[in-house]
Amino acid sequence: MTSDDLLKVASIEKQSTAFPWSLKHFQDCLKAGHQAWVMCDSDQQIVCFTVVQKVVDELHLLNICVQRQQQGQGFGKTMLNHVIQHAKQLGSVLIVLEVRRSNAKAQSLYNKAGFNEMSVRRDYYPAKQGREDAILMGLDLDLLSLFGASS
Ligand SMILES: CC(C)(COP(=O)(O)OP(=O)(O)OC[C@H]1O[C@@H](n2cnc3c(N)ncnc32)[C@H](O)[C@@H]1OP(=O)(O)O)[C@@H](O)C(=O)NCCC(=O)NCCS
């Protein structure tokens with residue numbers, strides 16, 4: 001992801017999530033040096049992106065999003081696998097992320113990739129009515145390599 005991608009990235013984010021990151025938020029992530037990728041379809045149009053942050057020996061998955069009309073076609077899974085491979089190359093021991101309690105689709109994606117629920121952050125997110133919990137999920141890469149899994 002480069003600064004040239006950000007208008008499109010912010011537009012995908014706005015269409016696909018109820019509480020989207022702003023354009024400035026994406027700009028700040030790039031300025032801060034967070035690693036970020038976009039994935040394009042066969043017409044070279046961006047359909048998916050992700051932003052991660054390396055924190056010592058952990059990788060924090062800050063955002064992953066697929067354009068609304070393109071969801072359910074494997075883009076999210078492919079991008080998540082890319083993040084997992086990247087974390088392994090970095091030698092990270094853990095990938096962590098937060099997901100809304102109501103976001104069953106994303107939780108299913110993470111569960112299938114081997115993530116486990118670690119804890120709950122009560123009232124972490126703004127919601128349409130009041131606040132919503134975040135589920136903190138983690139993928140232990142040491143355990144993955146110990147048991148020879150290859151997700
Ligand atoms: C969550 C998201 C990234 C998944 O990406 P996607 O491209 O739609 O998902 P994929 O087609 O790669 O499917 C991967 C897995 O996600 C889950 N999934 C996908 N669509 C689903 C649906 N309609 N209902 C339930 N689970 C679903 C399934 O576990 C699926 O695995 P399967 O194909 O083996 O059944 C995407 O839907 C999205 O961008 N949502 C809005 C933004 C968001 O919620 N981001 C996550 C913030 S924590």
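For the numbers below, each heavy atom of this structure counts, side chains included, while hydrogens, waters and symmetry mates do not. All ligand and atom numbering here is 1-based and tracks the order in the structure. Residues take their numbers from the sequence shown, with the count starting at 1.
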(request) Would you check whether Gln70 reaches within less than 4.0 Å of ligand 1, judged by its heavy atoms? (result) no
**Item:** atom 16 (O) of ligand 1 touched by protein heavy atom at under 4.0 Å
**Value:** yes
**contact_flag Ala104 ligand 1 heavy-atom lt 4.0 Å** = no
Looking only at protein heavy atoms, what sits closest to atom 20 (N) of ligand 1 is Lys105 CG, 3.5 Å
If we number the atoms of ligand 1 from 1 as shown, the ones under 4.0 Å from a heavy atom of Val99 are 48 (S)
Candidates Leu62, Asn103, Leu109; heavy atom nearest atom 4 (C) of ligand 1 found on Leu109
Nearest non-hydrogen contact to atom 40 (N) of ligand 1 from the set Gln71, Lys77, Gln67 belongs to Gln71
- Query: Does a side-chain heavy-atom distance below 4.5 Å link Tyr124 with Asp133?
  - Reply: no
Exercise. State plainly whether the residues Glu132 and Arg101 are in salt-bridge range, i.e. N to O under 4.0 Å.
Key: no
Residues joined to Val55 in its hydrophobic cluster, side chain to side chain under 4.5 Å directly or through other members, sorted by chain and number, are Val56
Per-atom filter on ligand 1: closer than 4.0 angstrom to a heavy atom of Gly72 are 6 (P), 7 (O), 8 (O), 11 (O)
Ligand 1 to Thr17, heavy atom cutoff 4.0 Å, flagged ligand atoms 42 (C)
In ligand 1, the atoms that come under 4.0 Å of a heavy atom of Gly74 are 10 (P), 11 (O), 12 (O)
Query raised in the report: Centroid-to-centroid, Phe26 to Trp21, below 6.0 Å?
Result: yes
CG (Leu6) and CD (Glu13) are apart, to the nearest 0.5 Å, by 11.5 Å
Taking only non-hydrogen atoms of Gln73 and a 4.0 Å limit, the atoms of ligand 1 in range are 11 (O)
For Glu98, the atoms of ligand 1 under 4.0 Å from one of its heavy atoms are 48 (S)
Here the gap from Leu97 atom CG to Tyr110 atom OH, rounded to the nearest 0.5 Å, amounts to 5.0 Å
